[in-house]
There are 2 protein chains.
Amino acid sequence: MLAAVFQVRDGRLHSLLWRRAREPFGGFWALPGGPLSDVERLGSSLGRHLASKVDLTDVAYLEQLETRSDVERDPRERTIATAYIALVSTDLNPSVPSDTAWFAVDELPPTAFDHASIIRSGRERLRAKLTYTNVGYALVPGVFSIAELRTVYEACLGHAITSTNLQRVLLRREIIEPTNAVLSPSSSGGRPAALYRFTDRTLLVTDPFAMFRPPNRTAKMTKISP
Amino acid sequence: MLAAVFQVRDGRLHSLLWRRAREPFGGFWALPGGPLSDVERLGSSLGRHLASKVDLTDVAYLEQLETRSDVERDPRERTIATAYIALVSTDLNPSVPSDTAWFAVDELPPTAFDHASIIRSGRERLRAKLTYTNVGYALVPGVFSIAELRTVYEACLGHAITSTNLQRVLLRREIIEPTNAVLSPSSSGGRPAALYRFTDRTLLVTDPFAMFRPPNRTAKMTKISP
DNA sequence: GAGGTTTTCGCCTATTAGGCGAAAACCTCT
DNA sequence: AGAGGTTTTCGCCTAATAGGCGAAAACCTC
């Protein structure tokens, strides 16, 4: 039971890690998580371990990533770990235990087991889902400017995008919608930014390709079954 | 350790099931699989169980799907099952044990545990991957006509598609390429079909959306890290 | 009010998907 | 051999979506 907890901080994608006290990998940094008890279901076990590192109400999205047999541990003992992805909005700053800290995903410290690899895998999943779903809602506050949204998308995707195009595409897909509020123009000078919100804060996917769609249908979002 | 083994037979998507002898769910149909032994890795355990139902050399593609805590079993005992997807080409007819049979995925018999739900989930995954990867290679023989490919895609996607469009899109993406052979025109009368092959028989993904791509890049297939 | 900054909008182009009908290349039957 | 039927393939057009770029809008400070 492991979770890669992602949050965009200062324009870069970060992941939450805690420093292991005990062997194996004492002193290395590991993903939040822990063993599954004998009578527990997957979800409740993850929640229990996650809650010991970060406030669960700060986690806006949770998704199962993959299950691995841990290879670097004691070879006599087989260990299975199921990894999840958890997303935290930029406007939160959860208080975390003293042995726990945020690290930028492209400057990870030495990690225990294959946890660095799990983070890479989770990041790829996040990157893909940002482009064909509305998961973005879990990474930004309820209302936000296009500029804010852009830095979040850029941090996750790892390359520059234009706010013009981001706004157009997301509006056309009806993933975001304008509010009539604007950002109080107190800050840095410049035209006050309009504020937007996500149309729906549950996971929706756009049909990934128009290709092979049944005839007479135009691309729309569809609800995903959990 | 479970596997949803998919094959297109007679133009319909089928899944391999075996009839459970013992309780719980005695007499119900279940996915191939079995318990993980104490010292085993995930992959080898799956291979071992799968081999007892179908020749492993017939499985052209294998991918992890999801892990669930089995809810319908004895509640005192926690059971974790990791499900995989396995794909078999249409030109094969593996011999299977007498307690094992193929069922069309939309006419499943009463299944043990949540196995019907796993098949649905696997089918969704297959459907999605057909549209943005080249997994199709695992479902058809080495060379094939566009008409053959079309029936396979239609069976998996669950709706009609035109061979014209299928051919164009797959050629443009360089997922398939023409061979200079044509189908021996022995069969039903009509122009002999040209034979095609998949350009690459390892998993490649097309960038799911042009959207948010870094500038100056045109959509290309990229290798997926396993 | 001038000059600077940031956001927003409009117009154009590029790329990819989809429809449809004509032509090509085979068959069988007379 | 030719007529008629069948299936595949190709060309041409339209539709939908993504991307670039510059002008205009709406604020700031000086």
Side-chain angles (χ1 to χ4, degrees), chain A residues 130-132 143-151 153-154 157 159-196 205-221, chain B residues 130-132 143-151 153-154 157 159-196 205-221:
Chain A
L130 270 184
T131 69
Y132 71 91
V143 294
F144 48 86
S145 70
I146 297 295
E148 279 178 80
L149 193 61
R150 181 172 93 127
T151 67
Y153 269 71
E154 286 185 333
L157 298 180
H159 64 255
I161 56 178
T162 64
S163 22
T164 304
N165 202 28
L166 182 69
Q167 183 191 38
R168 260 183 322 199
V169 172
L170 262 36
L171 279 176
R172 177 164 45 208
R173 293 193 190 160
E174 297 178 0
I175 290 179
I176 63 174
E177 62 189 8
T179 69
N180 39 23
V182 296
L183 196 63
S184 56
S186 51
S187 48
S188 58
R191 175 171 177 169
L195 292 178
Y196 294 79
V205 302
T206 72
D207 285 341
F209 276 100
M211 181 186 79
F212 307 146
R213 237 179 325 204
N216 307 326
R217 284 193 48 212
T218 173
K220 271 287 160 268
M221 309 289 293
Chain B
L130 270 184
T131 67
Y132 70 90
V143 295
F144 49 85
S145 70
I146 297 296
E148 278 178 80
L149 193 61
R150 182 173 92 127
T151 68
Y153 269 71
E154 287 186 332
L157 298 181
H159 65 254
I161 56 179
T162 64
S163 21
T164 305
N165 202 27
L166 182 71
Q167 182 190 38
R168 260 182 322 198
V169 171
L170 263 35
L171 280 175
R172 178 164 44 208
R173 293 191 189 161
E174 295 179 359
I175 289 180
I176 63 173
E177 62 189 7
T179 68
N180 39 25
V182 295
L183 195 64
S184 56
S186 50
S187 48
S188 58
R191 175 170 176 170
L195 293 177
Y196 294 79
V205 303
T206 71
D207 285 341
F209 276 100
M211 183 187 78
F212 307 144
R213 237 179 325 201
N216 307 326
R217 282 194 48 213
T218 173
K220 271 287 161 265
M221 307 289 291

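A note on names: the letters A, B, ... follow the listed sequences, proteins ahead of strands, and every chain is numbered from 1.
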So which protein nitrogen or oxygen atoms get under 3.5 Å of nucleotides 23-25 of chain C's nitrogens or oxygens?
| from | atom 1 | to | atom 2 | distance (Å) |
| --- | --- | --- | --- | --- |
| C/dA24 | N3 | B/R191 | NH1 | 3.3 |
| C/dA25 | N3 | B/R191 | N | 3.4 |

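Within the 4.0 Å cut-off from OP1 or OP2 of D/dA18, not a single side-chain nitrogen or oxygen of A/R168 is found. At least one side-chain nitrogen or oxygen of A/R173 sits closer than 4.0 Å to the OP1 or OP2 atom of D/dA18.
Checking C/dT8, D/dG19, D/dT9 against every side-chain atom of B/Y196, the shortest atom distance belongs to D/dT9.
Contact record, A/T179 with A/Y196: CG2-C, 4.1 Å, taken as the closest heavy-atom pair. In this structure, A/L171 and A/E177 approach most closely via the heavy-atom pair CD2-CA, 4.2 Å. Of all heavy-atom pairs spanning A/Q167 and A/I146, the tightest one is CG-CD1, 3.8 Å. Scanning both residues, B/T151 and B/E148, for their nearest heavy atoms gives OG1-O, 2.8 Å.
The interatomic distance linking A/L195 (CG) with C/dT8 (C1') rounds to 14 Å, in whole Å. In this structure, CD of A/Q167 is placed 14 Å from P of D/dA18, rounded to the nearest angstrom. In this structure, the CZ atom of B/R150 is 8 Å from the P atom of D/dT8, given to the nearest Å. Rounded to an integer number of Å, the gap from B/L171 CG to D/dG11 P is 12 Å. The CG atom of A/N165 sits 14 Å away from the C1' atom of C/dT8 (whole-angstrom rounding). The distance from atom CG of A/L170 to atom P of D/dG19 is 12 Å, rounded to the nearest whole Å. One interatomic measurement links the two molecules: CG of B/L157 to P of C/dA17, which rounds to 14 Å at whole-angstrom precision. Distance A/L149 CG to C/dT8 C1': 15 Å, rounded to the nearest Å.
Using a 4.0 Å heavy-atom cutoff across all strands shown, A/S163 reaches no nucleic acid atom at all. Across all strands, B/S145 comes closer than 4.0 Å to no nucleic acid atom at all (heavy-atom distances).
Here the straight-line distance linking atom CD of A/E154 with atom CG of A/L166 works out to 9.0 Å at 0.5 Å rounding. Atom CG of A/L170 and atom OH of A/Y153 lie 4.5 Å apart (nearest 0.5 Å).
If you find the closest nucleotide of DNA chain D to A/T162 and to B/E148, the one lying nearer the 5' end belongs to B/E148.
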Exercise for the section: Would you sketch DNA chain C in dot-bracket for me? Only Watson-Crick or G-U wobble pairs with both distances under 3.5 Å count, crossing pairs as [ ], other-strand pairs as |, the rest as dots. Expected result: ||||||||||||||||||||||||||||||
